[in-house]
Participant: 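One structure coming up, written as structure tokens, with questions to follow.
Every heavy atom of this structure was used, including side-chain atoms; hydrogens, water molecules and symmetry mates were not. Lettering of chains follows the sequences in order, A, B, ..., and the numbering in each one begins at 1.
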2 protein chains.
Amino acid sequence: MVDDAQVRDELRAAILRGDFAPRQRLVEADLCEQFGARRFAVRAALQDLVAEGLVERQQNRGARIREISLDEAIEISEIRRVVEGLVAARAAERLTAADAKRLTGIGRRMREAVDGGEAAVYSDLNAELHAALREIARHETANRIVAQLHGQMVRHQFALSRVPGRSAVSLAQHEAVIEAVVARDPDAAEAAMRAHITSVIEVLRSLG
Amino acid sequence: MVDDAQVRDELRAAILRGDFAPRQRLVEADLCEQFGARRFAVRAALQDLVAEGLVERQQNRGARIREISLDEAIEISEIRRVVEGLVAARAAERLTAADAKRLTGIGRRMREAVDGGEAAVYSDLNAELHAALREIARHETANRIVAQLHGQMVRHQFALSRVPGRSAVSLAQHEAVIEAVVARDPDAAEAAMRAHITSVIEVLRSLG
DNA sequence: GGTGCTCGTATTGTTGACAATCGCTTCGCG
DNA sequence: CGCGAAGCGATTGTCAACAATACGAGCACC
């Protein structure tokens, strides 16, 4: 039997994968069939995803995929700018030798991806770098918030990765973050991460 | 008839008011009686409060008030430090003349409260100031996050307000925030807010 | 042809009853 | 007397049926 958490996780994964369009209705009966779950479990999953900001509900009108406007994506990025700044600073404080090796490895692979023009690989490495920093910082509260905000932004994130020449700009900023963290300089790490996300925000603004 | 949202709001208010002790069990039947609601509504309310981080649930063991450790309170404050810094900076950017008058008014009343030794009044004004800044900044995402984190911290916040001599230290920091925001200086406003919450974190650490 | 109304269907929200599980108490046994 | 197993009351989790609501099709009237 499928349990509640499983339905929630699969539905979340489907949304993040882009299986549903913004504002698309999520009919409970359909989801039951899709996931082989009872309606009860589907309702609970929807409720959880409402709390995560991925789904919205209207009384008696059911659930639909929440559409994140460009303005909201910018707001979200502004939060990420300061919170991921904190994460970077803290990663710099807590860095171990193994962590440093890991980060420089990601940096090297990023440069190779950009040199080779492999945008998809670079995009994955981008996610990997941010995740690595969060693991190193071990800031539970920050991790939760960033994960949630990141989930709300997947669609815009995808648009970002398709902006021509974005990788090259982004690469230099990421390298600056890595350098500062590896140097165990919290202030520089925070500043570098903020500069990076500031540039993300500027690109988002230019899309409006 | 009591509706879902009402039960949730009343239960949240009761928790924030301190009606329940940390780790106290929340028996569904008792809550039904207390709020005159159906079990269905109580369960939905509990689910919402789990998402807000006020309540925790264990399979087949029901719900209880989530206990926030000192370490977690510090983590939460670290997030608030950067997010409220953003709020202050943005308030400085968006300030109107009426907003300025409001802030200076709060500042004046704060000083009066400290001079008069009225700790409870000062505590209320503290909340009022932070709320005013959030209204001025109009940053939906930040407001949501700060409200949620603040809710998780009420108990520690209360402990803080009882630290002797805390008001006097806090007052100067609040005045610095107000001054920077009224001067429409975002960087100074962010720095002042961060300095303020840094000092809060230090007090929390000293309590451990 | 357009507009407003009525009704039917699809979908969601709610209920009370039932099943599963937990923690405690009691009892049996060494 | 101590320890573990079984039984019991309390509590939570799940369900299938029912009620309420919204959306759209069809119709009457202008």
Participant: Looking only at side chains, do A:Gln47 and A:Arg8 share a donor and an acceptor under 3.5 Å apart?
Facilitator: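 Distance-only check fails for A:Gln47 and A:Arg8.
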Participant: Less than 4.0 Å between a side-chain N and a carboxylate O, is that true for B:Glu56 and B:Arg23?
Facilitator: yes
Participant: Closer than 4.0 Å, any side-chain N/O of A:Arg38 to the OP1 or OP2 of D:dC15?
Facilitator: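 Answer is yes, contact under 4.0 Å.
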Participant: Of the options D:dA22, D:dT14, C:dC22, whose atoms approach the side-chain atoms of A:Asn60 most closely?
Facilitator: D:dA22
Participant: Salt bridge or not for A:Glu202 and A:Arg166, using N-O below 4.0 Å?
Facilitator: no
Participant: Answer yes or no: does a side-chain N or O of B:Arg43 lie under 4.0 Å from OP1 or OP2 of D:dG13?
Facilitator: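 Answer yes for this pair, as a side-chain N or O of B:Arg43 is under 4.0 Å from OP1 or OP2.
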Participant: Expressed in angstrom and rounded to an integer, what is the separation of A:Glu56 atom CD from C:dT12 atom C1'?
Facilitator: 16 Å
Participant: Please report the distance, rounded to the nearest Å, between CZ in B:Arg64 and C1' in D:dT12.
Facilitator: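 It works out to 14 Å between those atoms.
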Participant: Once you round it to whole Å, what is the distance between C1' of C:dT14 and CZ of A:Arg39?
Facilitator: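 Atom-to-atom, A:Arg39 to C:dT14, this comes out as 10 Å.
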Participant: So, does the side chain of B:Arg57 form a donor-acceptor pair with the base of D:dG13 at under 3.5 Å?
Facilitator: no
Participant: In terms of side-chain heavy atoms of B:Gln59, which of D:dG13, C:dT14, D:dT12 is nearest?
Facilitator: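 Between D:dG13, C:dT14, D:dT12, the one nearest the side chain of B:Gln59 would be D:dG13.
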Participant: Does A:Leu26 reach a base, just sugar-phosphate, or nothing at all? Heavy atoms under 4.0 Å.
Facilitator: sugar-phosphate
Participant: Of the listed nucleotides (D:dT11, D:dC15, C:dT11), which one gets closest to any side-chain atom of B:Arg25?
Facilitator: D:dT11
Participant: Return the value, rounded to whole Å, for the distance between atom CD of B:Gln47 and atom P of D:dT12.
Facilitator: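 Roughly 14 Å, once rounded to whole Å.
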Participant: Just the rounded figure in Å: distance from C1' of D:dC15 to CD of A:Glu28.
Facilitator: 15 Å
Participant: Whole angstrom is fine here: how far is it from CD in B:Gln58 over to C1' in D:dG13?
Facilitator: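 B:Gln58 atom CD is separated from D:dG13 atom C1' by 15 Å.
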Participant: Output yes when B:Glu135 and B:Arg102 qualify as a salt bridge under the 4.0 Å nitrogen-oxygen rule, no when they do not.
Facilitator: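 A salt bridge links B:Glu135 with B:Arg102.
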Participant: Less than 4.0 angstrom from a charged side-chain N to a carboxylate O is my criterion; do A:Arg90 and A:Glu190 meet it?
Facilitator: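 Here A:Arg90 does not pair with A:Glu190 in a salt bridge, since their nearest N and O are not under 4.0 Å apart.
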Participant: Nearest whole Å is fine: how far is C:dA20 P from A:Phe40 CZ?
Facilitator: 15 Å
Participant: Per the atom types in the model, does the base of C:dG13 pair as donor or acceptor with the side chain of A:Arg61 at under 3.5 Å?
Facilitator: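 No, the side chain and the base share no sub-3.5 Å donor-acceptor pair.
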